[in-house]
Amino acid sequence: MKKRISFLMAAAMALSLTACSSQSASKDPASGNTETTAGKASEQKQGEAVGNEEKGADGGINLTVMMPLGQWTDNFNTLIDSYKEEHPEIGTIEATFPSSDKYEDLMRAALSAGELPDIISLSYGVMQEQWFPYCVDLKEGCPAYDLLTEDQVKLGTTEYGMIIMPIYVEGTGILYNTKLLADAGWDHTPQTRDELASLCADLKAAGITPFMHQWGETYLNLFNWVGPTWLGNKEGGGMDFLNSMLAGENMNLAEDKEWNDFMETYAILIEYAQEGAIATDKWTCRNAFFLEECAMLVGEGSWETPNINNTNPALLDHVKQDVLPCSNDPKENYLQLQTIAASVTDSGDPARVAAAKDFLSYIVSSEEARVWHQDTMGSPTSIVTLELSENLPAIAADVVNLMKEGRASESMYTYIPSVLQTDLEEAWARFVAQNFSREEFTKRYEEIFSNYAAGTYQ
């Protein structure tokens with residue numbers, strides 16, 4: 001990744017990244033033991049006998065799906081039903097969409113029980129590399145593969161083959177209620193850190209709650225959605241800088257421009273945080289925003305379209321997605337993007353694997369899926385040949401426009417090793433609770449990466 005990750009979408013969208021592939025042996029996430037792919041497939045206990053059990057009473061093939069996409073819970077049956085209408089060989093498709101902070105635990109439990117879902121969430125980078133050995137190559141039997149760009153193929157290719165299939169893109173920064181901003185005298189969203197501070201002051205003076213922070217969600221909000229923003233604002237999207245930290249180089253964060261811009265923005269977020277923010281959960285904050293009880297929601301994004309539509313559809317007429325403004329130079333502030341992707345696991349039953357590949361392709365590239373992702377879920381799709389919907393909801397349209405302007409950068413979240421998660425979450429929690437000073441937080445943040453390089457987390 002020598003150039004900033006840029007995203008362009010006209011009639012459709014293309015992703016531009018470079019390949020990142022692991023060549024190391026993988027460990028069993030349930031036991032920590034290194035095993036071969038064949039050994040792990042055996043551990044699933046999903047050979048021919050189990051494969052036969054996965055056929056329904058009518059002989060149809062039964063499939064399971066698990067992805068950390070809670071917003072799909074009440075909507076995914078649309079794709080299941082339309083797919084089954086065209087595929088009478090399918091018996092049932094059972095789909096579950098847990099919260100992302102519960103997903104890994106559920107996956108480990110499924111592995112221990114020998115019941116890994118047929119389709120699972122899988123991301124670019126190293127965050128989910130422990131699941132790579134359980135997945136099958138998608139070059140054959142998954143028609144969506146032929147629609148991927150060269151860069152998407154490179155990104156999805158590991159030592160186990162092309163196993164990561166991009167589905168759509170989410171954008172995250174700040175969600176704004178432009179009606180409440182107008183009540184405070186603002187006709188635009190802040191594009192600089194100083195503007196953000198001025199907006200907060202004006203909102204407070206007008207009796208409007210600026211933020212509802214979900215800092216009780218240390219994984220979702222602090223480690224995942226917002227935490228890597230400063231890296232995404234760097235030249236090249238932060239990949240080189242992150243790799244240098246992981247290698248143990250002293251990057252001197254105390255004097256790093258993007259880090260200090262980020263810390264200055266957090267000083268504003270902390271100053272205007274609601275009482276009890278450090279113990280507040282995501283749904284308390286989301287519902288407050290959906291019901292127009294606060295003007296801004298930090299770390300949420302385009303995936304909230306169906307939730308807003310279910311709670312307060314009128315808000316969709318005056319909600320806007322925009323960057324978290326860290327720098328006082330607008331050109332240096334980038335919307336954070338995450339590519340949502342999936343893969344197919346090896347159940348040991350060729351017919352079941354083939355059916356799972358085909359259903360994944362349907363989720364990614366069918367006309368029914370194009371309409372569902374864009375119009376219903378408000379998600380820009382990843383396949384470049386899919387037409388961009390004229391009915392794309394406002395939040396997703398904002399994401400697309402920022403990508404067109406070259407003001408969006410793929411989040412480095414999935415490139416941070418998962419073993420660092422607990423310590424980074426704790427450091428973040430202590431910082432927003434003001435148990436850590438800015439200097440102490442910076443030192444601890446650097447220490448976590450230097451410890452990783454020294455082998456502490458092995």
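In this chain, numbering begins with 1 at the start of the sequence shown.
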Do the side chain of Tyr415 and the main chain of Tyr124 share a donor and acceptor less than 3.5 angstrom apart? no
Residue pair Asp329 / Thr192, side-chain heavy-atom distance below 4.5 Å: no
Nearest 0.5 Å please: distance from the NZ atom of Lys404 over to the CG atom of Asn401. 5.5 Å
With heavy-atom distances below 4.5 Å as the criterion, would you say the side chains of Trp186 and Tyr176 are in contact? no
What pair of heavy atoms forms the shortest contact from Leu181 to Ala295, and how long is it? CD1-CB, 4.1 Å
Could you label the plane-to-plane angle of the His213 and Phe211 rings as parallel, tilted or perpendicular, counting under 30° as parallel and over 60° as perpendicular? parallel
Run the salt-bridge test on Arg444 and Glu426 with the 4.0 Å N-O cut-off and return the result as yes or no. no
Does the side-chain contact (heavy atoms from CB on, under 4.5 Å) test come out yes or no for Thr209 and Leu203, once each step is laid out? CA-CA 7 Å; Thr209 300; Leu203 287 167; over 6 Å; no
Under a 4.5 Å cut-off applied to non-hydrogen side-chain atoms, are Val319 and Ile395 in contact? yes
Should Asp375 and Arg370 count as side-chain neighbours, where that means a heavy-atom distance under 4.5 Å? no
Could you report the tightest heavy-atom contact between Ser437 and Glu440, atom names first, then the distance? N-OE1, 2.8 Å
Would Asn224 and Gln338 satisfy side-chain hydrogen bond (donor to acceptor under 3.5 Å, both in side chains), going step by step from the backbone distance to the final call? CA-CA 10 Å; Asn224 179 346; Gln338 286 188 26; 2.7 Å; yes
List the steps and the verdict of side-chain contact (heavy atoms from CB on, under 4.5 Å) for Cys326 and Thr229. CA-CA 9 Å; Cys326 298; Thr229 299; 4.3 Å; yes
Checking side-chain polar atoms at under 3.5 Å, does Asp423 have a donor or acceptor matched by the opposite partner on Tyr457? yes
Examine Trp428 together with Tyr266 and report whether their ring centres are nearer than 6.0 Å. yes
Check the pair Gln191 / Asp322 against side-chain hydrogen bond (donor to acceptor under 3.5 Å, both in side chains), numbers first and verdict last. CA-CA 9 Å; Gln191 299 302 301; Asp322 213 336; 2.8 Å; yes
Is the ring pair Phe359/Tyr362 parallel, tilted or perpendicular, if the boundaries are 30 and 60 degrees? parallel
Does the pair Glu405/Lys331 count as a salt bridge with the N-to-O cut at 4.0 Å? no
Do the side chains of Leu199 and Met296 get nearer than 4.5 Å, heavy atoms only? yes
Would you call Lys443 and Glu447 a salt bridge, using N to O less than 4.0 angstrom? no
Between Phe290 and Trp283, how do the two ring planes meet: parallel, tilted or perpendicular, split at 30° and 60°? perpendicular
Any idea which heavy atoms bring Ile268 and Cys200 closest together, and the distance? CG2-SG, 4.1 Å
Decide yes or no on side-chain contact (heavy atoms from CB on, under 4.5 Å) for His373 and Ile167, but give the supporting numbers first. CA-CA 9 Å; His373 285 301; Ile167 306 174; 3.6 Å; yes
Check whether any side-chain heavy atom of Asp256 sits under 4.5 Å from a side-chain heavy atom of Met251, and report yes or no. no
I'd like to know if Asp183 pairs up with Lys179 as an ion pair, taking the criterion as any Lys NZ or Arg NE/NH1/NH2 lying under 4.0 Å from an Asp or Glu carboxylate oxygen. no
What verdict does the side-chain hydrogen bond (donor to acceptor under 3.5 Å, both in side chains) test give for Asn75 and Thr376, after you've listed the backbone C-alpha separation in whole Å, the side-chain angles of each residue and the deciding distance to 0.1 Å? CA-CA 8 Å; Asn75 299 282; Thr376 301; over 6 Å; no
Does the side chain of Ser99 pick up a donor-acceptor pair with the side chain of Asp101 at under 3.5 Å? yes
Determine, for Glu258 against Lys234, whether the closest basic-nitrogen to carboxylate-oxygen distance falls under 4.0 angstrom. yes
So Thr345 and Val136, do their side chains get closer than 4.5 Å, heavy atoms only? no
Is a side-chain donor-acceptor pair under 3.5 Å present for Glu195 with Asn328? no
If you measure from the Lys or Arg side-chain nitrogens to the Asp or Glu carboxylate oxygens, is any gap between Arg108 and Asp105 under 4.0 Å? yes
Quick check for you: to the nearest 0.5 Å, what is the distance between Gln321 atom CD and Ile174 atom CD1? 9.5 Å
Is a donor from one side chain sitting under 3.5 angstrom from an acceptor on the other, for Gln71 and Glu170? yes
Between Asn310 (side chain) and Pro306 (backbone), is there a donor-acceptor pair under 3.5 Å? yes
Answer yes if the side chains of Glu104 and Gln130 hold a donor-acceptor pair under 3.5 Å, and no otherwise. yes
Using distance alone, with no hydrogens and no angle criterion, decide if Thr414 and Gln128 have a side-chain donor and acceptor under 3.5 Å apart. no
Worked check of ring pair (Phe, Tyr, Trp, His ring centres under 6.0 Å) between Tyr160 and Tyr134: CA-CA 9 Å; Tyr160 303 100; Tyr134 299 95; 9.1 Å; no
State, yes or no, whether a side-chain contact exists between Leu388 and Gln374 at a heavy-atom distance under 4.5 Å. yes
Hey, could you give me the CG/CG distance between Leu231 and Asp240, rounded to the nearest 0.5 Å? 11.0 Å
Derivation of the ring pair (Phe, Tyr, Trp, His ring centres under 6.0 Å) call for Trp72 and Trp372: CA-CA 11 Å; Trp72 283 17; Trp372 184 79; 5.1 Å; yes
Non-hydrogen atoms of Gly171 and Leu337 that approach each other most closely: CA-CD2, 3.9 Å
Distance (rounded to the nearest 0.5 Å) between Thr73 OG1 and Asn307 CG: 9.0 Å
Under 30°, 30 to 60°, or over 60°: which ring-plane class applies to Phe431 and Phe441, parallel, tilted or perpendicular? parallel
What are the two closest heavy atoms between Val323 and Leu335, and how far apart are they? CG1-N, 3.4 Å
Does a side-chain N-to-carboxylate-O contact under 4.0 Å join Glu300 and Arg286? yes
Answer yes if the side chains of Asp118 and Thr64 hold a donor-acceptor pair under 3.5 Å, and no otherwise. yes
Should the pair Phe241 and Trp230 be assigned to parallel (<30°), tilted (30 to 60°) or perpendicular (>60°) ring geometry? perpendicular
Could you give me the CA-CA distance, side-chain angles and deciding distance for Trp259 and Tyr445, then say whether ring pair (Phe, Tyr, Trp, His ring centres under 6.0 Å) is met? CA-CA 11 Å; Trp259 176 263; Tyr445 197 96; 4.7 Å; yes
Are a donor atom and an acceptor atom from the side chains of Thr284 and Gln214 found within less than 3.5 Å of each other? no
Could you pull out the closest heavy-atom pair between Leu148 and Val153, with the gap in Å? CB-CG2, 3.9 Å
For the OG1 atom of Thr456 and the CG atom of Asn451, what is their distance to the nearest 0.5 Å? 4.0 Å
Using the side-chain contact (heavy atoms from CB on, under 4.5 Å) rule, take Leu324 and Val226 through it: C-alpha gap first, then chi angles, then the decisive distance, then the call. CA-CA 9 Å; Leu324 175 67; Val226 188; 3.9 Å; yes
Does the side-chain hydrogen bond (donor to acceptor under 3.5 Å, both in side chains) test come out yes or no for Asn312 and Glu292, once each step is laid out? CA-CA 9 Å; Asn312 180 14; Glu292 308 194 55; 3.0 Å; yes
